[in-house]
Protein chains: 2
Amino acid sequence: MSANKPKEPELNRASLLAAASLEFASRGFQGARLEVIAREAKITRAMVYYYFGGREGLYLAALEEVYRHIRTSERAIDLDGLGPVDAMRKLTCFRIDYYVENPLMVALLAIENQHKAEYLKNSQEISARAGISLEPLESTLRQGQAAGVFRPGIDVVELHQVMVSLGMFNVSNQHTFGAVFSRALCSPEQLVRTREMACEVVLGFLAPQASPL
Amino acid sequence: MSANKPKEPELNRASLLAAASLEFASRGFQGARLEVIAREAKITRAMVYYYFGGREGLYLAALEEVYRHIRTSERAIDLDGLGPVDAMRKLTCFRIDYYVENPLMVALLAIENQHKAEYLKNSQEISARAGISLEPLESTLRQGQAAGVFRPGIDVVELHQVMVSLGMFNVSNQHTFGAVFSRALCSPEQLVRTREMACEVVLGFLAPQASPL
DNA sequence: GTCTATATATGGATAGAC
DNA sequence: GTCTATCCATATATAGAC
């Protein structure tokens with residue numbers, strides 16, 4: 001007869017990882033209980049050590065997973081046939097939507113920042129791939145500038161920062177903001193408005209006309 | 001002879017609160033150790049129970065404290081004699097600067113959102129005072145619209161959302177963003193740029209000219 | 001108002017069987 | 001590859017002295 005459980009290393013590893021993302025995201029690095037993660041994955045705590053070496057390895061694996069996911073999603077954006085303004089709108093809406101649809105990434109980044117990004121800094125995997133995401137944004141920006149619809153002198157990292165700030169805050173602070181202003185930021189109706197607001201913000205920032213003085 | 005320590009209730013209570021803000025902010029609600037807080041405050045753990053009733057009471061007191069502080073700071077902004085554009089700039093810069101100077105508030109809000117704002121929702125003190133902060137922003141917006149320098153159809157909560165998103169992200173995600181893009185968001189030099197960027201974003205959003213299509 | 005001491009609980013990490 | 005059992009560290013919460 002075989003062992004107690006069917007031996008499904010890949011499946012069990014994946015279950016642990018999924019449970020870990022949730023538990024770390026909702027209770028923090030220290031607050032997360034390996035016991036809870038193991039129970040949720042329908043496996044024993046010992047397996048956390050067997051597969052990931054412990055709390056830190058598990059956390060790092062979860063963090064790498066969310067970064068891998070957003071990189072893949074970004075690469076899949078299709079801007080073919082769009083003019084610079086429409087392409088910029090699409091990039092903006094992507095970012096608003098992505099964080100709403102992937103709140104776990106937002107939560108894990110909050111945890112990671114709580115720890116001053118010490119784990120991310122130690123991850124070869126993540127750092128190595130960091131730069132790639134700005135290429136579509138940068139080429140869209142250049143096209144628009146060449147066409148005269150965007151103004152010159154824009155730092156592409158700052159432009160990215162504007163988009164990420166709006167998209168991230170919309171999810172990361174939805175509960176406190178919602179409580180204070182009685183507004184459910186991530187409801188479908190509000191999401192439509194936020195998407196449009198973000199496009200207006202980005203296009204206003206890039207508009208060639210100087211701000212009125 | 002008197003007791004072991006000089007009896008300084010107000011001072012000790014304040015020390016506990018200060019230590020608690022730091023510990024909660026850096027380790028989360030569950031991760032925070034009452035032992036560490038007590039040690040930092042140079043007092044014993046038993047006092048946490050005596051003054052605040054336990055972990056939750058202490059956390060709630062810390063949260064109320066940061067909200068009280070930002071409300072006070074907002075009320076102190078002086079817009080007298082400024083036109084709507086300059087007033088809007090000042091409000092924008094205030095928000096960028098405030099979060100940089102008060103990273104503990106940013107961290108505590110992140111924790112609170114991790115818990116879906118359940119403690120904030122139970123705080124009479126905080127909820128009651130929630131609305132007041134938008135008054136100067138709203139009147140500046142109306143003045144600018146009346147003068148024709150801002151476009152109509154702006155939701156004041158959304159305008160606030162833009163400012164807070166930029167200011168908050170700048171601090172809350174400084175470490176991950178900095179690691180990925182090799183940019184120290186909160187350095188003095190970058191802060192100057194971010195302040196200017198935020199003003200351009202806000203004024204671009206409010207500018208009467210439609211975005212170029 | 002503050003301390004010390006302690007009862008109690010919880011969970012991390014590892015060893016060893018199958 | 002997975003489980004059970006256990007050792008050990010740590011922290012909470014309270015009781016009681018001063």
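Not measured: the values here are computed from a predicted model. Atom set for the values below is all heavy atoms of this structure, side chains included, hydrogens, waters and symmetry mates excluded. In what follows, chains carry the letters A, B, and so on, assigned in the order in which the sequence lines appear, proteins first and then strands, with residues in each chain numbered from 1.
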Inset, instruction - Please work out which of the three classes, parallel, tilted or perpendicular, describes the rings of A:Phe29 and A:Tyr59, given edges at 30° and 60°. - result: perpendicular

Inset, instruction - Return no unless some side-chain N or O of B:Thr44 is found under 4.0 Å from OP1 or OP2 of C:dC3. - result: yes

Inset, instruction - Answer yes when B:Glu189 and B:Arg193 have at least one side-chain N-carboxylate O distance shorter than 4.0 Å, and no when they do not. - result: no

Legend entry - Side-chain donor or acceptor of A:Glu112 paired with backbone N/O of B:Thr176 under 3.5 Å: no

Inset, instruction - Figure out the CD/P separation between A:Glu8 and D:dT2, and round it to whole Å. - result: 8 Å

Inset, instruction - Kindly assign one of parallel, tilted or perpendicular to the pair A:His160 and B:Phe181, based on the angle between their ring planes and the thresholds 30° and 60°. - result: perpendicular

Legend entry - Flag for A:Arg95-A:Tyr99: side-chain donor and acceptor within less than 3.5 Å: yes

Legend entry - Contact under 4.0 Å: B:Tyr50 side-chain N or O vs D:dT14 OP1/OP2: no

Inset, instruction - Scan nucleotides 8-13 of chain C nucleotide by nucleotide, 5' to 3', and note B when protein non-hydrogen atoms come under 4.0 Å of the base, S if they reach only the sugar-phosphate, - if neither. - result: ---SBB

Inset, instruction - Indicate whether the side chain of B:Glu65 and that of B:Ser21 have a donor and an acceptor atom separated by less than 3.5 Å. - result: no

Inset, instruction - Taking only the side-chain nitrogens and oxygens of B:Asn12, find out if one of them lies under 4.0 Å from OP1 or OP2 of C:dG1. - result: no

